[in-house]
Amino acid sequence: MAAYAVAHLREVTAGPAIVEYLERIDATLKLFGGRFIVHGDEVDVLEGSWQGALIVIAFPDLGRARAWYASPAYQEILPLRTGNLVGDAVLVQGVSPEHWTGNQRSRAATLALERIEQLSTIGMRWA
């Protein structure tokens with residue numbers, strides 16, 4: 001099941017250290033199957049307030065995400081990031097594809113007929 005490294009970077013001090021970190025991070029991800037799926041683009045704030053950038057890196061599973069973070073290659077460049085920004089970083093387990101499907105099936109009795117037809121059209125199996 002997929003897992004994600006998520007970082008909320010509130011304050012970044014741009015400079016040579018951050019540039020070096022960005023130049024080197026992709027090589028640390030490759031061995032563990034990691035890839036950026038969100039990388040600091042502007043966010044559309046819907047609730048509350050938001051300051052900073054959001055980073056999301058996808059991994060095939062939580063074990064590989066943990067192994068990447070603990071790897072000597074990543075630990076070597078980590079101070080380039082942590083010494084030049086204020087933010088939080090977490091690893092989180094994703095949900096299986098069955099999670100969404102099971103949720104829709106359990107709610108079938110309360111879904112509008114139009115929604116059931118839409119889901120059926122895209123291949124939803126109800127049993």
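By convention here, the first residue in the shown sequence is residue 1.
For the atom pair CD (E42) and CG (D44), the distance works out to 8.0 Å, reported to the nearest 0.5 Å. With values rounded to the nearest 0.5 angstrom, L29 atom CG is found 13.0 Å from R64 atom CZ. Interatomic distance, F59 CZ to Y4 OH, rounded to the nearest 0.5 Å: 11.5 Å. Within the model, atoms CD1 of I18 and CZ of R81 stand 8.0 Å from one another, a figure rounded to the nearest 0.5 Å.
Nearest heavy atom pair, residue A65 against residue A3, reads CB-CB, 4.4 Å. Closest approach of P60 to G33, counting heavy atoms only: CD-O, 3.5 Å.
Under the 4.5 Å side-chain heavy-atom criterion for ILVMFWY residues, no single connected hydrophobic cluster contains both V90 and V95. Taken together through direct or relayed side-chain contacts under 4.5 Å among Ile, Leu, Val, Met, Phe, Trp and Tyr, L62 and I37 form parts of separate hydrophobic clusters. Tracing side-chain contacts under 4.5 Å through hydrophobic residues (I, L, V, M, F, W, Y), one never reaches L54 starting from V86; they form parts of separate clusters. Residues V45 and V56 share a single hydrophobic cluster, defined by chaining ILVMFWY side chains whose heavy atoms lie under 4.5 Å apart. Under a hydrophobic clustering in which Ile, Leu, Val, Met, Phe, Trp and Tyr are joined whenever their side-chain heavy atoms come within less than 4.5 Å, directly or via other members, V92 and Y74 fall into different clusters.
Contact annotation: the side chain of I57 never approaches that of R35 to less than 4.5 Å [non-hydrogen atoms, C-beta and beyond]. Looking only at side-chain heavy atoms (C-beta outward), I77 and I25 come within less than 4.5 Å of each other. Residues I55 and V38 fail the side-chain proximity criterion, which asks for heavy atoms closer than 4.5 Å. Inter-residue side-chain proximity for V12 and N84 is flagged as unmet; no heavy-atom pair is nearer than 4.5 Å.
At least one donor-acceptor pair under 3.5 Å links the side chain of H8 to the backbone N or O of Q51. A donor-acceptor distance shorter than 3.5 angstrom exists from the side chain of Q93 to the backbone of M1, with no hydrogens or angles considered. Between the side chain of W68 and the backbone N or O of A70, no donor-acceptor pair lies under 3.5 Å. E11 places no side-chain N or O within 3.5 Å of a backbone atom of G52 that could act as its donor or acceptor partner.
Screening L80, T28, L85 for a side-chain contact (heavy atoms from CB on, under 4.5 Å) involving Y21 leaves a single residue, L80.
Using a cut-off of 4.0 Å between Lys/Arg side-chain N and Asp/Glu carboxylate O, R10 and D88 are scored as salt-bridged.
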